[in-house]
Protein chains: 2
Amino acid sequence: MAPSKSESAYRLLHERITEGTFSPGYRLVLGTIAAELGCSVVPVREAIRRLEAEGLVTFERNVGATVAAADTTLYLHTMQTLAIIEGAATALSAPFIDENQLAAARAINQAMSDLLVDFNAPRFTQLNNEFHQVLYRNCPNPHILELVHRGWDRLAVMRSSSFTHIPGRARESVKEHAGLLDLIEAKAPAAQIEQAARAHRTTTLNAYLAAASLPASPL
Amino acid sequence: MAPSKSESAYRLLHERITEGTFSPGYRLVLGTIAAELGCSVVPVREAIRRLEAEGLVTFERNVGATVAAADTTLYLHTMQTLAIIEGAATALSAPFIDENQLAAARAINQAMSDLLVDFNAPRFTQLNNEFHQVLYRNCPNPHILELVHRGWDRLAVMRSSSFTHIPGRARESVKEHAGLLDLIEAKAPAAQIEQAARAHRTTTLNAYLAAASLPASPL
DNA sequence: GTGTATGAAATCGTATACGATCCAGTGTGA
DNA sequence: TCACACTGGATCGTATACGATTTCATACAC
């Protein structure tokens, strides 16, 4: 069956926001979006409220909705949250990763490694996303999986605007990926995998925190 | 300013669902709720979609909304998620807990201890909630705090229906609380507090898992 | 020049209305 | 008896309409 109009509106807006077409601060006017979609404002409202619940949009009464702002603090909090959730997701997922998936992850990481000589940030980011998805995809707890996705979405919104890559981090990142894969392949204890996956993200987080003269994350 | 009608509807439904007035499976009919609130269906729809995004309600197209079902698997997944998030929230909160808060937490735990002789499950649950709130309330990361609240809400929905207390667990619980408070007071490392807070919840989770002949949580 | 009042335009919030869809109960034929 | 088509009622999905609120530009007073 054709998706409902509110569903279509949701998907369109979600895509535009995470892809960066609508960047943080962009004003989402009900009437305008409704006109573009060829529907009335009611389904658009619903879609926007959904996006609000996911943290991609902020909504103010009688004023309207804007794509969530990307201030540094929020970004860092989101990263910290994702470090925790994704670490757990990866650890829980590990026992269910089969050889094909492991091989796929190694291939992606190799591609990332190859990219280091002629660096291309968007491509690198994309491969990085794919890599991590393979690692947490098998997590048997759907709530955790959902939280991971929401975390990635939030980061995507903000990254599309203004957060720069840290020099030298790409190379480290590839190494850490390899280490993670080794742990998974060796069927290391869950706690150890969790710790490694979390640290992988926390390292980046702490680099940003240091750049902002803030103390490192205690976790 | 008076809250918007959609806000009122949201609050009413949220309360009724988490308090257990509307138990899992209860059918939320737009027209009925609208009539009760003295408003039209539009704001009610919005409220229900919000509850859906929070996982308290399931919504099916052209069919309607029901309070989220409470099957065992879901319940256990929610507990596992909360163990992880709340553990982190407690650890991050710890450095910001002042002496008054610590004293309040000790008082609550003492009340729980006193309750052991003449056990009263609802009262015990309530004190337990208050205790944990004091412990994670100061978490400086608002995303994590929000996730903790959502987790508690989800658990509240399901608990109000059918999950029974585990014999002897209350006494253990009080002891674990005391241990946690000691760690916080001693300004133990964040990782250690996280571990203890998580374990406190995981122990209960594993008891349920064992009762359902399922393997223990690896985290 | 600064600050405040004012009015119009833009936008939101919600009621109402009606077509679309689902569901349950009934009747028919094999 | 069972499977299946049919129908009426309940409920949902969304368009439209209009009052309420905010915002911003303009004009005026000091």
Side-chain angles (χ1 to χ4, degrees), chain A residues 1-17 21-71 157 161, chain B residues 1-17 21-71 157 161:
Chain A
M1 156 151 34
S4 69
K5 303 205 172 180
S6 107
E7 184 69 24
S8 311
Y10 170 77
R11 287 193 203 155
L12 179 81
L13 292 175
H14 188 282
E15 186 183 330
R16 293 224 180 143
I17 291 171
T21 313
F22 291 166
S23 19
Y26 185 91
R27 180 99 192 277
L28 299 170
V29 178
L30 295 180
T32 310
I33 295 165
E36 187 185 343
L37 274 158
C39 71
S40 77
V41 299
V42 180
V44 177
R45 255 185 92 83
E46 214 173 275
I48 286 179
R49 292 311 272 249
R50 260 175 87 179
L51 293 165
E52 187 199 12
E54 291 171 12
L56 268 51
V57 154
T58 59
F59 196 91
E60 205 182 340
R61 177 154 180 216
N62 279 321
V63 175
T66 56
V67 176
D71 80 274
V157 180
S161 69
Chain B
M1 159 155 28
S4 69
K5 304 204 171 177
S6 109
E7 185 67 24
S8 311
Y10 169 77
R11 288 194 201 155
L12 179 82
L13 293 175
H14 188 281
E15 186 183 331
R16 293 223 180 142
I17 293 171
T21 313
F22 292 165
S23 21
Y26 185 90
R27 180 98 191 279
L28 300 170
V29 178
L30 295 179
T32 310
I33 296 165
E36 189 187 339
L37 276 157
C39 71
S40 78
V41 299
V42 179
V44 177
R45 256 185 91 83
E46 213 174 275
I48 287 180
R49 290 313 271 254
R50 259 175 88 178
L51 293 164
E52 188 199 11
E54 291 171 13
L56 268 54
V57 153
T58 58
F59 196 91
E60 205 181 341
R61 176 152 180 215
N62 279 322
V63 174
T66 56
V67 177
D71 79 273
V157 180
S161 68

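When reading the values below, keep in mind they use all heavy atoms of this one structure, side chains included, and skip hydrogens, waters and symmetry mates. Naming convention: chains lettered A, B, ... in sequence-line order (proteins, then strands); numbering from 1 in each chain.
- Nearest heavy-atom pair, B:Lys5 versus B:Gly38, reported as atom, atom and distance to 0.1 Å: NZ-O, 4.3 Å.
- B:Val67 is not listed as a side-chain neighbour of B:Ser23, based on a closest heavy-atom distance of 4.5 Å or more.
- Within a heavy-atom distance below 4.0 Å of DNA chain C, the residues of residues 50-65 of chain A found are A:Phe59, A:Arg61, A:Asn62, A:Val63, A:Gly64.
- Nearest-nucleotide assignment on DNA chain D puts the 5′-proximal partner with B:Gly31, out of A:Ser40 and B:Gly31.
- Considering every non-hydrogen atom in both A:Ala69 and A:Pro24, the closest pair reads CA-CB, 4.1 Å.
- Distance alone, capped at 3.5 Å, places no donor-acceptor pair between the A:Thr21 side chain and the A:Ile17 backbone.
- Of all nucleotides in DNA chain C having an atom under 4.0 Å from a heavy atom of chain B, the first and last in 5' to 3' order are C:dT14 to C:dC23.
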Item to complete: Begin with the C-alpha distance, continue with both residues' side-chain angles, and end with the deciding distance and a verdict on salt bridge (Lys or Arg N to Asp or Glu O under 4.0 Å) for B:Glu52 and B:Arg49.
Response: CA-CA 5 Å; B:Glu52 188 199 11; B:Arg49 290 313 271 254; 3.2 Å; yes
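- In terms of the ring-ring contact (aromatic ring centres under 6.0 Å, His included) criterion, residue partners of B:Tyr26 (sequence neighbours excluded) are, by chain and number, B:Phe22.
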Side-chain donor-acceptor pairs under 3.5 Å in residues 54-65 of chain B, sequence neighbours left out?
| unit_1 | atom_1 | unit_2 | atom_2 | d |
| --- | --- | --- | --- | --- |
| B:Glu54 | OE1 | B:Tyr10 | OH | 2.9 |
| B:Glu54 | OE2 | B:Tyr10 | OH | 2.7 |
| B:Thr58 | OG1 | B:Thr66 | OG1 | 3.1 |
| B:Arg61 | NH1 | A:Ala2 | O | 2.8 |

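- We find the CD-CG distance between B:Glu15 and B:Leu13 to be 10.0 Å, quoted to the nearest 0.5 Å.
- One finds the CG atom of A:Leu28 at 5.0 Å from the CD1 atom of A:Ile48 (value rounded to the nearest 0.5 Å).
- Partners of B:Glu7 by salt bridge (Lys or Arg N to Asp or Glu O under 4.0 Å), not counting sequence neighbours, listed by chain and number: B:Arg11, B:Arg50.
- B:Leu28 comes within 4.0 angstrom of sugar-phosphate atoms only, judged by non-hydrogen atoms across all strands, and of no base.
- Taking a 4.0 Å limit (strictly below) on heavy-atom distances, residues 6-15 of chain B reaches DNA chain C at B:Ser6.
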